[in-house]
Amino acid sequence: NDAPTLADFVAIACGACHNVGLRNDGTVATWGRSSDGQRNDAPTLAGAVAIACGARHSVGLRNDGTVVTWGDVTDNQRNDAPTSAGFVAIACGCWHSVALRNDGTVVTWGEDFQGQRNDAP
C-alpha cells in the first residue's frame, strides 16, 4: 500500500488506477499505478486549489488560475491543455478535460472521439 498516511487532505480524486490528494497547504500527493506517468510526472504543485483525474491523466488548478496536467498523453490529455490563466474550475472525463474560465467560457482538450471537445458550447 503506497497511499500517503498524512491526514491533511482537503480533496481527493481517482482515475482508473491512480489517485490524487490535495493537501490543505496546496500541495498534491499521488499514489497508485504510474504506467503512463500518473505519479512520476506529477508536478511539484504549489498553490493548488482543485484536482481532477481522468482514466490515466490528472489536472490541477492553481490559485493563480493556471492549469497543470500530468500523466498520459496518448489522446492529447496534456499537450492541448490551456497555458493561460483565468480558470476557476476543472473536470476530467476518461481521456479529455474541461476547464471553466472566470468569464464563464469553457475550454476542452484531449480525446474528441465522440464530440467531447468540438461540441462544447
Residue set satisfying side chain to side chain contact (heavy atoms under 4.5 Å, CB included) with A13, at least two apart, ordered chain then number -> I51, C53

dist D25:CG -> F9:CZ (nearest 0.5 Å) comes out at 9.5 Å

Report task. Could you give me the CA-CA distance, side-chain angles and deciding distance for H57 and S97, then say whether side chain to side chain donor-acceptor pair (under 3.5 Å) is met? Result -> CA-CA 9 Å; H57 73 287; S97 300; 2.8 Å; yes

| message | With heavy-atom distances below 4.5 Å as the criterion, would you say the side chains of F87 and V107 are in contact? | response | yes

request  = Determine, stepwise, if the pair S58 / H18 fulfils side chain to side chain donor-acceptor pair (under 3.5 Å).
outcome  = CA-CA 9 Å; S58 300; H18 74 287; 2.9 Å; yes

Those residues at least two apart in sequence (or on a different chain) that pass side chain to side chain contact (heavy atoms under 4.5 Å, CB included) with L100 are V88, A89, V106

All heavy atoms of A48 vs all of V28, minimum pair found to be CB-CG2, 4.0 Å

message = Same cluster or not: I12 versus W70, using hydrophobic residues (I, L, V, M, F, W, Y) connected whenever any side-chain heavy atoms lie under 4.5 Å apart?
response = no

The reported gap from SG in C17 to CZ in R56 (rounded to nearest 0.5 angstrom) is 9.5 Å

Sequence neighbours excluded, the answer for side chain to side chain contact (heavy atoms under 4.5 Å, CB included) partners of V49 is L61, N63

| request: Please tell me if the side chains of W31 and V20 come closer than 4.5 Å, counting only heavy atoms from C-beta onward. | output: no

